[in-house]
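Here the structure is a predicted model, which means the values were calculated and not measured. Side chains included, hydrogens not; waters and symmetry mates left out as well; all remaining heavy atoms used.
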Amino acid sequence: MSLWIWCPLLLLVCEVQAQMENHVIFLPGTFQNVSVSQNETVQAVVSRIPPEVAFITLQFHTQHRNATLSYTRIPGPGPSLTAVDSGLLAALLPGQASLSLFLSSPDGDTVAGTGVILPYSSSDPVPGACNTEFNLDIDPNVYIHYNLYETEIRFAPANLGNERGETPSPCDISTEATTRWRLQYDIYQYFLPENDLSERSLFTGIQAVADIRGMMENGRLVMTLLSSDMSMAVFTSIPGQGVVYSVVVRDPLLNTSASYVPSHTYACSFVSTLDGCQTLGKISTKVFFTIAGMAGLFVCFFGHRFFKCELFCMGFSFATFFFFVLVTRTTGLEYNLCLAVSAVIGVVGGVLLVMSWWRFGSVMACIVVVGLMLGFLIASTVLFTPLGDLDVFRSSDAVFWVTFCCIMLIVPLFFVRWPREGNIITCGVVGAYAVVLAVNTYIYTSLSYISLNILKRFLNNNFSAVFTDVPFQAIDYIMITVWVVLGVSGMVLQLYRERSRPFFPPSPYLMWLQERERRKTNVLDPSHHCPPLPNRLLARVRQLTKRMESAGENTPLLL
């Protein structure tokens, strides 16, 4: 056979072999790792579908690169979806036992991910079957949008299940119990391991919560929405922390359920060269909190002994926080500039607090400021617990801030009765927490959100509707131990060392006034006969400019 005949045959064989290599067989409920090369379309084949299955969902997950999942080999604007967490729902026809969907890379890069096929019966609700907002006719996906403050998830309402070949029930004809309005939506949240941005960690987490049973066993039920509620929920953003969100729709009448396609977010970008997930944290923030942590460690163990240093640190913290909120809300300055301006004003605030004590000597006035710092931290900690996610606090800013201020103002009242003990306790607790914040700039810990949630609520008007729950994992328990050990050690050391000393050091200005008055009235004090300071300075200048006459005989002594 001539070469001109062999070449077309070889090309045909190569094409058939390439198509066979682009086939990926999916078994229901079994995860399959898939790699989609550049300019390649992978056909996902589902075979041997049981006849009792009415519809299936195919979900495909990547870490940060988009993948296109479509019903046809050539993706179109309607029958396809491009995302990092994409899913399609296919309703089966009578007698249909196989199905093909298609995966491709929209950006021309190789995309690696994991996918799974989940089958559902005719009695299960159909996720996203009453979609009126998104592009797909039936959209089982959960869409995530995030910013610095909050992460919002949205999804399309579901419909009741139906047999193969039957016409689905209408979505919005009536609101009776026989329609889709009886369906309920459980929103789940699953935290990935902290400080782990690896692809392996994500795929392991996705595989653990992809179906209903996995999400119910491993995830955390955050809230349940009725069909009359808006199909959305808002959570606090945790940059650098992987979170998987999923929705399980339930039919309480038939006691059946179905899962939407889970979606994940790190609340940061993997492709940004500035403040991306891999380089999270600004240098200015690291420098600021590193210095604050060193100062906090000093205050924790020596704050009461060096009272002026403690007052400066407390005044600095109070003024910096207040003016950072004020500058951020009233100006459009960039973050680094806002932080620098706030730090400068914080220095002025610290100096003013020290000078007020130095000049007037009112310890109680300064202790009130110190007590407010401890009250702020205690109030933030109380509302950082699940108590802060109660509907009464999420639905009303007034209730939240009244509760916060009441807790914050109650703490300084104890300082009136026990000022020294209260001051030492504040040094231990607040100083140790400053160390925790310094560690957070290098190793993520959820304890930073004790104060960060309050800051976000100050800066964002709509933050009240956000769920502020954060993960508690091994590093958080370690940092709680560090906080407690440092705080208790600092308090015990200072209480022991100060037990025989005066409660507070006297005001330097008042001591100077008393010393001056004593010198004026005590004639036996040599300093009483000392000339005034201007006269002493003038005499010293004259000594430098006038040649002193020698006293006594100039001739040598004779033996």
Side-chain angles (χ1 to χ4, degrees), residues 31-40 42 59-69 75 80-87 103-116 141-154 189-210 219 234-246 261-286 334-336 440-446 448-449 452 456 466 470-471 473 475:
F31 277 88
Q32 178 73 41
N33 293 329
V34 181
S35 179
V36 183
S37 302
Q38 182 180 1
N39 300 325
E40 179 188 25
V42 175
Q59 51 182 272
F60 187 73
H61 306 273
T62 66
Q63 187 177 36
H64 61 90
R65 297 184 184 276
N66 286 333
T68 298
L69 190 58
S80 65
L81 178 67
T82 300
V84 293
D85 299 289
S86 55
L103 282 166
S104 59
S105 174
D107 301 324
D109 298 326
T110 300
V111 178
T114 184
V116 67
N141 295 278
V142 176
Y143 294 91
I144 296 179
H145 301 280
Y146 69 86
N147 55 32
L148 176 64
Y149 306 105
E150 61 187 25
T151 298
E152 178 186 271
I153 68 169
R154 289 181 176 271
Q189 187 181 48
Y190 175 76
F191 291 103
L192 299 174
E194 293 179 352
N195 300 317
D196 192 345
L197 303 177
S198 64
E199 191 177 72
R200 178 181 179 182
S201 172
L202 171 64
F203 290 170
T204 302
I206 288 290
Q207 293 174 12
V209 298
V234 185
F235 304 84
T236 182
S237 292
I238 312 176
Q241 170 62 52
V243 189
V244 179
Y245 296 97
S246 184
V261 176
S263 293
H264 76 280
T265 180
Y266 294 90
C268 58
S269 173
F270 275 83
V271 297
S272 175
T273 57
L274 181 64
D275 290 335
C277 292
Q278 303 291 349
T279 58
L280 197 61
K282 295 179 179 291
I283 298 299
S284 58
T285 305
K286 293 181 182 294
E334 192 263 338
Y335 170 81
N336 288 332
N440 178 75
T441 59
Y442 301 95
I443 302 175
Y444 170 81
T445 171
S446 298
S448 62
Y449 282 84
L452 190 57
K456 288 183 176 182
V466 175
V470 294
Q473 299 180 17
I475 183 64

Closest non-hydrogen atom pair, Ser80 against Thr68 | CB-CG2, 4.2 Å

Evaluate the side-chain proximity of Val261 to His61: yes if any heavy-atom separation is below 4.5 Å, no if none is.
-> yes

Side-chain donor-acceptor contact under 3.5 Å, Gln241 with Ser446 = no

Separation between CD of Glu152 and OG of Ser237, rounded to the nearest 0.5 Å = 10.5 Å

How long is the gap from OG on Ser263 to CD on Gln59, to the nearest 0.5 Å?
-> 9.0 Å

Expected output: side-chain Gln63 to main-chain Phe203 donor-acceptor under 3.5 Å | no

Val42 and Ser35: which non-hydrogen atoms are nearest, and at how many Å?
-> CG2-O, 4.3 Å

With rounding to the nearest 0.5 Å, note down the distance linking CD1 in Ile238 to OH in Tyr146.
-> 13.5 Å

Measuring from Thr236:OG1 to Glu150:CD, what's the distance to the nearest 0.5 Å?
-> 8.5 Å

Can any side-chain N or O of Asp85 pair as donor or acceptor with the backbone N or O of His264 at less than 3.5 Å?
-> yes

Of all the heavy-atom pairs spanning Tyr444 and Asn195, show the shortest one and how long it is.
-> CB-OD1, 3.1 Å

What closest approach, in Å, do Gly240 and Leu197 show between heavy atoms, and which atom pair accounts for it?
-> O-CD2, 3.5 Å

When rounded to the nearest 0.5 Å, the distance separating CD1 of Ile283 from CG of Asn336 is 9.5 Å

Classify the side-chain pair Thr265/Tyr245 by whether it contains a donor and acceptor separated by less than 3.5 Å.
-> no

Mind running side chain to side chain donor-acceptor pair (under 3.5 Å) on Thr285 and Tyr335 for me, showing each step along the way?
-> CA-CA 10 Å; Thr285 305; Tyr335 170 81; 2.6 Å; yes

Does Gly87 offer a backbone N or O that forms a donor-acceptor pair with the side chain of Asn141 under 3.5 Å?
-> yes

Sub-4.5 Å side-chain heavy-atom contact between Phe235 and Val243 | no

Sorted by chain and number, sequence neighbours left out, side chain to side chain contact (heavy atoms under 4.5 Å, CB included) with Ser105 holds for Val36, Val111

Going through the checks in order, is the side chain to side chain contact (heavy atoms under 4.5 Å, CB included) test met by Val84 and Asn66?
-> CA-CA 5 Å; Val84 293; Asn66 286 333; 3.6 Å; yes

Between the side chain of Lys456 and the main-chain N/O of Tyr449, is any donor-acceptor distance below 3.5 Å?
-> no

Judged by atom type as modelled, is there a donor-acceptor pair below 3.5 Å linking the side chain of Ser86 to the main-chain atoms of Thr82?
-> no

What heavy-atom pair brings Tyr266 and Ser198 nearest, and what distance separates the two atoms?
-> OH-O, 4.2 Å

Closest heavy-atom pair and its distance - Thr110, Ser37 = OG1-CA, 3.9 Å

CZ/Phe60 to CD1/Ile206 distance, rounded to the nearest 0.5 angstrom?
-> 11.5 Å

